[in-house]
Amino acid sequence: MRIYNTLTKNLEEFVPQDPPRVTMYACGPTVYDSPHVGHARSAVAFDVIRRYLEYKGYDVIFARNYTDVDDKMIDRAGKRGITIQQLAIQYIREYEAAMDALNVRPPVYAPRATHLIADMISFIRDLEAKGFAYARNGSVYFSVPKFEAYGRLSKKPQKEIADIGRRDSEEFGEDKGDPRDFAIWKAQKPGEPAWDSPWGKGRPGWHIECSVMSTKLLGETIDIHGGGHDLVFPHHENEIAQSEARSGKPFCRFWIHNGFVTVDKEKMSKSLDNFFTVDQVLQQYEAPAIRLFLVSAQYRNPIDYSRELLGQAARSWQRVRDAWTGLLAALGTEAAGARSAAVERAALPPELAATLDEFEAAMDDDFNTPRALAALFTTIRTINDGLTRGTTKGFLTAGFQVLMAILGVLGLDEAYMARFPGSRTHAGGQVESLVRHFIDQRDAARRAKDFKRADEIRATLKGMGIELMDSKDGTTWRLAD
RNA sequence: GUCGGGGUCGCUUAGUGGCCGAGCGUCAGACUGCAGAUCUGAACCAAGUGGGUUCAAUUCCCACCCCCGGCUCCA
């Protein structure tokens, strides 16, 4: 399996430092507003990566943080007259609801910055003790000149970093020993929330939280650290500096950054006011369609949000769902057996083994989900072809297992797909028998060539959200979207 | 400016030194009373521009053009 590592700008063979354990950290949101599609993209990207690593047999310890103290939090809470804690709770709930809707599995650890202030303070003291940090007027700064490797991740020339630092100097400039230095602890300003510390009342800088949480929860050297591409500099650069200065060990082995969601080719962001919240999108499209949309581009590439593309994804989702429900109907009671049995690769029919191989090859290639989707659709066509021709149960069982293996990695597991109306081919005894009654009536009409009446029945049921589909083997129905 | 990512059928997206795969859309056939789903086939005859290497380039090299993004708010 090869992964593109931002640190080396190369595809590298992925080998965890302590197999089968994989430690993985992703930078989560600052919880001052509702999650938008950009957040969803990042979350889904790392969810798929995590699922695939687990599919490959790794034991993934995954952490994703919430930034619940920073300038925007303080600003927003102040405007609304609530505390940052109240603000955080509201938006953490929204974020978690959005993640659940998209079937993004909860991380093993979901730390909040403000819950680890004590750890941050001791982390900063370690940096001070080692001479990498210095205090001025109640704030503490990281001394970039002391850390040789600074700029390695973002490949930024030191001069440029210094220029950037100088521009920022109106806030800390007088105190900073070098323009490149950055705050790891900020002295309290009037009205701001603050914690006691050896340097007086204050709050942590943004970058320190991820270093501390990652180190504390996952260890001094982790396997994978991820986040949006916009975090490379300065956030991740600073994380590396702090962490490695303190531990003397590599902070992270593989850096993975996801591309942005764009709207009309421009980055979706709050400042451009061109964003759509996850809730807004969920009102228009079923969540699995959104998931498929989000994996329709490779995670590093930009993906353009448009009605057209969401519409295409919605059609893809229908195709996936119909293949699944069709398979379940054909397998009947044998579906349970197919579900519980492990995939026996050697026993798979060659064409299905080939699609599974192709799926894995695609995912092994830096999580190439578009290529993986091609394998998924090939699998679906193979299954449908079998269904059309009336193949053996053994073939269908194998098809079911391969399909579920692929869908599981993409985050469309059965329990999730079953949440959506179109997936239901039955709805409890009474409804089932009621619909069956109308189908029988219609069949009688059809046999009598009374197609007018047959179509009326179908239209009436459709109006009630029940869709009939005729086939050689009789009429089936489902709840319409 | 600098660092990075791109320009492949109508749209989206893969792979590849020789015939470019998939999804959506379109058209036609099969199955249907019709519709839907499904299968089969097809069309559109797909590679930013200009050079170079090569028997052969979309794929390698060079130049140029254009697009997008980062550059301490940001997934």
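The figures here come from the full heavy-atom set of this structure, side chains too, leaving out hydrogens, waters and symmetry mates.
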Please classify the nucleic acid contact of [X] as base, sugar-phosphate, or nothing, using heavy-atom distances under 4.0 Å.
| X | value |
| --- | --- |
| A:Asn384 | sugar-phosphate |
| A:Gly227 | sugar-phosphate |
| A:Leu468 | base |
| A:Gly226 | nothing |

Would you say [X] places a side-chain N or O within less than 4.0 Å of OP1 or OP2 belonging to [N]?
| X | N | answer |
| --- | --- | --- |
| A:Arg315 | B:rG25 | yes |
| A:Arg381 | B:rG21 | no |
| A:Lys155 | B:rG4 | no |
| A:Arg180 | B:rU72 | no |

Check the side chains of [Y] and [X] for a donor-acceptor pair under 3.5 angstrom, ignoring hydrogens and angles.
| X | Y | answer |
| --- | --- | --- |
| A:Glu308 | A:Gln312 | yes |
| A:Tyr52 | A:Asp364 | yes |
| A:Arg203 | A:Gln188 | no |

**Asked** Relative to the 5' end of RNA chain B, which residue comes earlier, A:Gly38 or A:Pro157, by the nucleotide with the nearest heavy atom?
**Response**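 By nearest-heavy-atom nucleotide position, the 5'-most residue is A:Pro157.
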
**Prompt:** For RNA chain B, whose closest nucleotide is more 5', that of A:Thr476 or that of A:Ser316?
**Reply:**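 The residue closer to the strand's 5' end, by nearest nucleotide, is A:Ser316.
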
Between [atom2] of [N] and [atom1] of [X], the distance in whole Å:
| X | N | atom1 | atom2 | result |
| --- | --- | --- | --- | --- |
| A:Phe260 | B:rG70 | CZ | C1' | 7 Å |
| A:Glu209 | B:rU72 | CD | P | 19 Å |
| A:Asn5 | B:rG4 | CG | P | 15 Å |
| A:Glu266 | B:rC68 | CD | P | 7 Å |
| A:Leu461 | B:rC34 | CG | P | 21 Å |
| A:Arg458 | B:rC34 | CZ | C1' | 6 Å |
| A:Asp230 | B:rC3 | CG | C1' | 15 Å |
| A:His229 | B:rG69 | NE2 | P | 13 Å |

**Asked** If you check the A:Lys176 side chain, which of B:rC39, B:rU72, B:rG21 turns out closest?
**Response**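 Minimum distance to the A:Lys176 side chain belongs to B:rU72.
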
**Prompt:** Which listed nucleotide (B:rG70, B:rG33, B:rC39) is nearest to the side chain of A:Glu160?
**Reply:**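 From the listed options, B:rG70 comes nearest.
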
**Message:** Please give me every residue in residues 91-112 of chain A whose heavy atoms get under 4.0 Å of an atom in RNA chain B, ordered by residue number.
**Reply:**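 Result for residues 91-112 of chain A: none.
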
**Prompt:** Heavy-atom contacts under 4.0 Å between residues 438-452 of chain A and RNA chain B, which residues?
**Reply:**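 Only A:Arg442, A:Arg446, A:Phe451 qualify.
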
**Item:** Intermediate values then yes/no, side chain to side chain donor-acceptor pair (under 3.5 Å), A:Tyr32 and A:Asp75
**Value:** CA-CA 9 Å; A:Tyr32 74 106; A:Asp75 185 54; over 6 Å; no

**Message:** Quick check: any donor-acceptor pair below 3.5 Å linking the side-chain of A:Asp455 to the base of B:rG33?
**Reply:**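 Result: at least one qualifying N/O pair found.
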
**Request:** Measure distances between side-chain N and O atoms of A:Lys267 and base N and O atoms of B:rC74, and say whether any donor-acceptor pair falls under 3.5 Å.
**Result:**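 Side chain to base: pair found, below 3.5 Å.
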
**Prompt:** With the sugar-phosphate defined as primed atoms, P, OP1 and OP2, and the base as all remaining atoms, what B/S/- string results for nucleotides 6-17 of chain B, 5' to 3', for protein heavy atoms under 4.0 Å?
**Reply:** -----BSSSS--

**Prompt:** Of the options A:Val402, A:Thr378, A:Leu403, which is the one that meets A:Leu352 in a side chain to side chain contact (heavy atoms under 4.5 Å, CB included)?
**Reply:**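 Output: one option passes, namely A:Val402.
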
**Request:** State which residue, out of A:Ile406, A:Leu327, A:Val320, fulfils the side chain to side chain contact (heavy atoms under 4.5 Å, CB included) condition with A:Ile380.
**Result:**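 With A:Ile380 as partner, side chain to side chain contact (heavy atoms under 4.5 Å, CB included) holds for just one option, A:Val320.
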
**Item:** Secondary structure string for RNA chain B (Watson-Crick or G-U under 3.5 angstrom, | for other-strand pairs)
**Value:** (((((((..((((.......)))).(((((.......))))).....(((((.......))))))))))))....

**Request:** Report yes if the side chains of A:Asp68 and A:Tyr91 come closer than 4.5 Å at any heavy-atom pair, otherwise no.
**Result:**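 When only atoms from C-beta onward are counted, A:Tyr91 and A:Asp68 do not touch, as no gap falls below 4.5 Å.
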
**Message:** Could you go through A:Thr67 and A:Glu209, starting from their C-alpha distance and side-chain angles, then the distance that decides it, and tell me whether this counts as side chain to side chain donor-acceptor pair (under 3.5 Å)?
**Reply:** CA-CA 8 Å; A:Thr67 298; A:Glu209 63 177 72; 2.7 Å; yes

**Request:** For A:Tyr305, enumerate each residue passing the ring-ring contact (aromatic ring centres under 6.0 Å, His included) test, keeping only those at least two apart in sequence or located in another chain.
**Result:**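 Result, ring-ring contact (aromatic ring centres under 6.0 Å, His included) vs A:Tyr305: A:Phe276.
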
**Message:** Going by the rule ring-ring contact (aromatic ring centres under 6.0 Å, His included), which residues pair with A:Tyr66 if we only count those two or more places apart in sequence or in a different chain?
**Reply:**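 A:Tyr66 satisfies ring-ring contact (aromatic ring centres under 6.0 Å, His included) with A:Tyr95 only.
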
**A:Arg41 side-chain N/O to A:Phe260 backbone N/O, donor-acceptor pair under 3.5 Å** =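 Looks like yes, one N/O pair under 3.5 Å.
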
**Message:** Tell me whether A:Arg246 forms a cation-pi arrangement with A:Phe123, defined as NZ or CZ under 6.0 Å from the six-membered ring centre and within 45 degrees of its axis.
**Reply:**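 Flagged: A:Arg246 positioned over aromatic ring of A:Phe123.
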
**Message:** Is the terminal nitrogen or CZ of A:Arg64 (NZ for Lys, CZ for Arg) located under 6.0 angstrom from the six-membered ring centre of A:Tyr109 and within 45° of that ring's axis?
**Reply:**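 So A:Arg64 doesn't make the cation-pi contact.
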
**Request:** Using side-chain hydrogen bond (donor to acceptor under 3.5 Å, both in side chains) as the criterion, point out the one residue from A:His236, A:Arg300, A:His225 that pairs with A:His257.
**Result:**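 Testing A:His257 for a side-chain hydrogen bond (donor to acceptor under 3.5 Å, both in side chains) against A:His236, A:Arg300, A:His225 leaves exactly one candidate, A:His236.
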
**Request:** Check the pair A:Arg152 / A:Phe147 against side chain to side chain contact (heavy atoms under 4.5 Å, CB included), numbers first and verdict last.
**Result:** CA-CA 11 Å; A:Arg152 218 174 68 219; A:Phe147 187 74; 5.5 Å; no

**Salt-bridge present (A:Arg2, A:Glu13; N to O < 4.0 Å)** =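 Between A:Glu13 and A:Arg2 there is no salt bridge, as every charged N stays at least 4.0 Å from the carboxylate O atoms.
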
